[in-house]
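Treat the numbers as computed from the prediction; the structure is a model and nothing was measured. Lettering follows sequence order; numbering is per chain, from 1.
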Amino acid sequence: MTDSQPSQEPADVAIDVRDLRMRYGTKDVLTGVSFTARRGEVLALLGPNGAGKSTTIEILEGFRTRSAGQVAVLGQDPAHGDEAWRARLGVVLQSWRDHGRWKVRELLDYLARFYVPFSTPEVERPWKVDELLNAVGLTEHANQKVKALSGGQRRRLDVAIGIVGRPELVFLDEPTAGFDPHARREFHDLVHRLSDFENTTILLTTHDLDEAEKLADRILILDQGTIVANGSADELARQMATGAEVRWTADGRRHVHAAEQNDPTPFVRDLLATDAGITELEVRRASLEDTYMALVQRAETGQGATGNGADGSAPDGSGQDEPDAGGTGNGVTSKDDEAQEVRS
Amino acid sequence: MTATTNDARWAAARAGLVRGWLETKQSLREPGDVLWYFLMPVIFAVVLLFMRGSSLPGTEYELGAMVLPSIVGMSIGFGGLTGPAGTIATDREDGTLLRAKATPNGMIGYLFGKVVMFGSTTLISLALLIIPGLTVAGELRFDARTWMLLLMIFVLGMAATVPIGVALGSLFKTASQTGLLMLGSMALLVVSGIFYPLSALPTWLQWVGQAFPYYWLGLGARSAMLPPEMVTTEIGESWRTLEMFGVLGAWIVVGFVVAPIVLRRMTRRASGAAVAEARDRVMAQGW
């Protein structure tokens, strides 16, 4: 089994993409994408519609032939990936009405058969179907026809199909689209289980920033065919000077200060030092959504100044506020700040 | 490496047999499908109704008895050609093929499954022909040679038509376009000598008919089931058994060369995006 793997396969890198380009006709969809994924890492690929997320993932899955660039997935070029390589991948596809007449257990039993010859002493393949049904919460529906499942149940079946071969690397394309909050929570638990206990590398695309933040070790933001940001949610917020928001109450009035500097600590220190009557102090780091909007906007306006992230993101209009406070971050209780925002 | 590769392929082929068996079972529980299996027997019953009492011109031979073997041949061709064509187009649109592609050796399993399923459902259709066939059974010939020939024609017929059906189905862009293939099949049936002896048609139409498997499947079935003296109604007053095997063999070669090429080309295009596109189109237009 492992004999078909090239010996140069790196031990700790699951995905290695360098300068990946894709062109359909005269349209450049990917204009140079580079990133790596370590084994066991959970990566989220974010980006607006048409940014090239699906194209990237389909190239990595070996379903699409790239125009240029180097790609290694589990040590092999997906364009020439053999069946032994495919057995180590899990692809979670969005089902629609395929295999509608099959019972859930029948379908998983059938698909599991293909992985039996690829079992190794290290990785026992496939998953036992009963265990798998339990893991995705479909035990009660095992004998139901696929077409009788609800949207969320069907999606969990898609995940079960994707991981039935106990893959080392799983691709999830918009896994929770159409989930209710409960199903979403259960799905997140499943992803955590996969990455924690099975050391599975996971690459997922999503529109749900909250989900990306919860699940991913690292977030890649893809825009206009290239990666515009790469890091943990925390790092991204730090990387972008989207700053933090400080809120407090003084004399019965609520104040908001948008610190454009990364670290709001000096501002808060000065604030507390100068005004003893402050209550309900609240410091909020820019959310991933703020960061995301800022990054995408920056990319789309042509790599503008890094400091203006706030105007794309501040929901309460504090973006227009004081350039002086933004510049120094510690112009404590300046007139601007006082007057700037009063909220109920 | 090769040992594992072969193991994996065998596992996939065995999985394909399971797939074929399951899908046959599922199909038999589906009223729409079951009606479809009754199509040939019903057509034959209608034909018998119209031919009641008439005999082959110049003979005492019951016309209906003449038609039964032709219908047997036609069922083989019809089941092998239109069935796979229809399902391949649907399976591409709904993502079944994409799942096969995402599974190691999944395509092998898929194709084996299709062959088993169309083989068995065609057999079911043929078996159902017995019901109206009993009325003319007395005129037909049934001996060891009959069964031997019928078995060979069935196997050769499936091998000649399933790959072509798969290839044709891959060429269609949407599932609804497979209706065209049905129309084409109907047109070919006219010149296939099944309802009307080919020898009575203009020569150029005879050649058209003889280029396609329908005629030869019908001829083969007639040679198996009709009494020997009926050979006089055929072209050249011969069953042309060798030619039949030759032409069907040629179609088998063509099918097995062309089908993998076309299928590979088509599955290269199959992707999540393509499936999503098809889903959106179907949701929007209802087909």
*Go through B/G106, B/A102, B/A11 and name the one with the most non-hydrogen pairs under 4.5 angstrom from chain A.*
B/A102
*Taking every heavy-atom pair that is under 4.5 Å apart, which of B/D91, B/T96, B/V18 has the most such pairs with chain A?*
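Of the candidates given, the most pairs with chain A belong to B/T96.
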*Sort out for me which residue in A/L169, A/V170, A/V164 forms a side chain to side chain contact (heavy atoms under 4.5 Å, CB included) with A/P167.*
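The residue from A/L169, A/V170, A/V164 that satisfies side chain to side chain contact (heavy atoms under 4.5 Å, CB included) with A/P167 turns out to be A/V170.
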*asked:* Run the side chain to side chain donor-acceptor pair (under 3.5 Å) test on B/D94 and A/H99 for me, step by step, so that the C-alpha distance in whole Å, both residues' side-chain angles and the decisive distance to 0.1 Å come before the verdict.
replied: CA-CA 9 Å; B/D94 71 14; A/H99 296 97; over 6 Å; no
*asked:* Counting only heavy atoms not in A/K147 (residues, nucleotides, ligands), do more than 12 fall under 6.0 Å from its NZ?
replied: yes
*Could you tell me whether B/Y37 atom OH has more than 12 heavy atoms of other residues or ligands within 6.0 Å of it?*
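Yes - once you tally the heavy atoms of other residues, nucleotides and ligands closer than 6.0 Å, there are more than 12.
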*Where on A/I57 is there a heavy atom nearer than 4.5 Å to chain B: the side chain, the backbone, both, or neither?*
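Neither part, no heavy atoms under 4.5 Å.
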*Tell me, side chain or backbone of A/V91 under 4.5 Å from chain B's heavy atoms, or both, or neither?*
side chain
*Strictly by modelled atom types, are A/S119 and A/E124 linked by a side-chain donor-acceptor pair under 3.5 Å?*
no
*Picking from A/K145, A/E61, A/R86, which has the most non-hydrogen pairs under 4.5 angstrom with chain B?*
A/R86
